[in-house]
**Q** 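Sharing a structure here in structure tokens format.
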Amino acid sequence: MTDPTAPGASAVTGPTAPGASAVTDPHHPMAEVLAGFAPYPDEFAARYRADGHWRGETFGSMLRERAAAHPDRIAIVDPTGGSGEDPTRRWTYAELDLRADRMAAGLRARGIRRGDRVVVQLPNTAEFFELVFGLFRVGALPVFALPAHRYTEISYFCAFTGAVGYVVPAVEGGFDHRELASRVKAETPSLRHVLVVGGDAGEHTPLAEVPVDPADAAGAPGEEPQPGDVAFLQLSGGSTGVPKLIPRTHDDYIYSLRGSVELCGQDENSVYLVVLPAAHNFPLSSPGSLGTLYAGGRVVLCPQPSPETAFPLIEREGVTITGLVPPLALLWLDSAERIREAGGSAGLESLEVLLVGGAKFSEEAARRVRPVLGCTLQQVFGMAEGLVNYTRLDDPEEVIVTTQGRPISPDDEVRVVDDEDRDLPDGTTGHLLTRGPYTIRGYWNAPEHNAASFTADGFYRTGDLVRRTGTGHLVVEGRAKDQINRGGEKVAAEEIENHLLAHPAVHDAAVVSMPDPYLGERTCAYVVLREEHRAQPPKSVELKRFVRQRGLADFKVPDRVEFVDAFPATGIGKVSKKDLRAAIAASLTSS
Ligand code: OOB
């Protein structure tokens, strides 16, 4: 075990060092990462350690310990990619540990070092874990892209992080990632390695060729990653022109895992099904795959989120817990109901807990979970920046179906404030601000944005509007940030507006949410055309196609385009998005 008095006591972020600014050596392996990192102030870090929240673990050491404690237990089940009659791959803890070591040695042999960034864009496959734990062991930082991301997002992540590597599937959902990788590599000087999972790697390197026996690997293994190091970069849902990157440390993230495991009732008998994209913070850590591995349980990877794929997998693998966004929960509820009405069984008997989060789950749907799926609903209101709230498994049913839970940690500081940052009493809706042992103190390399997104004393401005009940549970009432939550997939209005503005016929654009019975919200782009294009306006589909062709994730393409002569204005002359939202909502109900 690591000495608990010394966790994170590297030359870089240790309790004796005055924060990250202590790194004066530009050749220190973490220097580039730390240059953009807002550390936890020393007095907070010391307290989080003293309270036993940060225990000096790293992801590498965590897997090592689990593998030593129960080598033969199954860690990862991937129903694809195996050989012979049964395509299912099952890796024990010992095998995952060994694979992570071999991957780490191979990555090092190819020159990937502690502090390097590697953009990871993989579907739900076993290789995701082999790679990510390999990177953790090297101390290189995965940058967690989503499978839906395309040229615009990927090229930005690679350039902004100075990534040395980009890891992709050959083809996924009909999209050839190798072509995208070739283009991004040609344009990004830092990008030296494109590694491909499954299929023909083309001009790139198959990931399967990377692992080597650590004993054969030339050169020193390099300095071990430290618990206080940034372990990876997550993506923010964002409300600005470009997505922000979220630096999470081993210490802080593992604390959130431990808390989640406890609150979700996980232990070594838990079987977690990864339905959502594995790299997203929710299926990764709430309690997700990493929480499950922390608990010594079993992670089952679901290649498709549909009931047709997931239900048989749940039955076959004895899945006990999973997490869904609200639209998928609705789909599963409807499907299970239909199966039952037809006299069949959905085969969900093993399922004990269903987590639903990422977007507001309606009370009406929440009430159906227990009777229809036969399991306990656990609402989760979390964010990649940190704070995660859960309803407790033993909360009264009314609390479970009407609130989005309460924070993991007694040291999560939650404030509900008015527009002037004055605290509001319980029961009143206001802005949610938070600070705590697993909430970042700043986005990576974004000083200007940080000044707006964090208070001077380090509270993160979540952009969410919430109300706190007498029991300390939070109810999400809305959003102040300029973002559309499309069933859990976040769309930053400004990002899409910028793409629309690039169209020659567009004079101005305002993207707002419109209500949708399935996704909760969809995107509506209001567009003012340039004078000379008004007589022959472009069609909506043309503008949608234009945005798509700029290489954006599909979920960001506006669902609807409305042409107007001018935007409604607020008192001080800004575009009134409130009026635009009301207008589109009214026209939807009247049509
Ligand atoms: C999760 O993380 P992100 O980073 O994709 O999005 C965070 C935002 C929150 O600020 C909030 O606006 C919204 O997503 N949100 C919810 C919600 N859960 C997240 N809004 C209403 N009700 C909920 N239950 O989405 C995320 C991260 C970890 C666990 C779960 C979700």
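Both ligands and their constituent atoms are indexed starting at 1 by order of listing. Predicted model, so just to flag it, every value in this text is computed and none were measured.
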**Q** So, applying ring pair (Phe, Tyr, Trp, His ring centres under 6.0 Å) with H149, which one of F175, Y166, F157, Y156 is it?
**A**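 In the set F175, Y166, F157, Y156, the residue that makes a ring pair (Phe, Tyr, Trp, His ring centres under 6.0 Å) with H149 is F157.
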**Q** Which atom pair, heavy atoms only, marks the closest approach of A278 to N124?
**A**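 Of all heavy-atom pairs spanning A278 and N124, the closest is N-OD1, 2.8 Å.
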**Q** Can you check salt bridge (charged side-chain N to carboxylate O under 4.0 Å, His left out) on E420 and R422, steps first, answer last?
**A** CA-CA 6 Å; E420 272 76 49; R422 288 176 301 224; 3.2 Å; yes
**Q** Residue by residue, ordered by chain and number, which ones reach under 4.0 Å of ligand 1 with a heavy atom?
**A**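 Heavy-atom contacts below 4.0 Å: H280, N281, F282, S286, G357, G358, A359, K360, V380, F381, G382, M383, A384, Q404, D464, V476, K481, N485, K490.
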**Q** Got a donor-acceptor contact below 3.5 angstrom from the Q234 side chain to the I246 backbone?
**A**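 Between the backbone of I246 and the side chain of Q234 there is no qualifying donor-acceptor contact (under 3.5 Å).
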**Q** Taking atom CD of E477 as the centre, report whether more than 12 heavy atoms of other residues, nucleotides or ligands fall under 6.0 Å from it.
**A**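 Result for CD/E477: enclosed.
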**Q** List the atom pairs, donor and acceptor, that lie under 3.5 Å between side-chain atoms in residues 284-291 and the rest of the protein, sequence neighbours left out.
**A**
{"from": "S285", "atom 1": "OG", "to": "Y253", "atom 2": "OH", "distance (Å)": "3.0"}
{"from": "S285", "atom 1": "OG", "to": "N281", "atom 2": "O", "distance (Å)": "2.8"}
{"from": "S286", "atom 1": "OG", "to": "Y390", "atom 2": "OH", "distance (Å)": "3.4"}

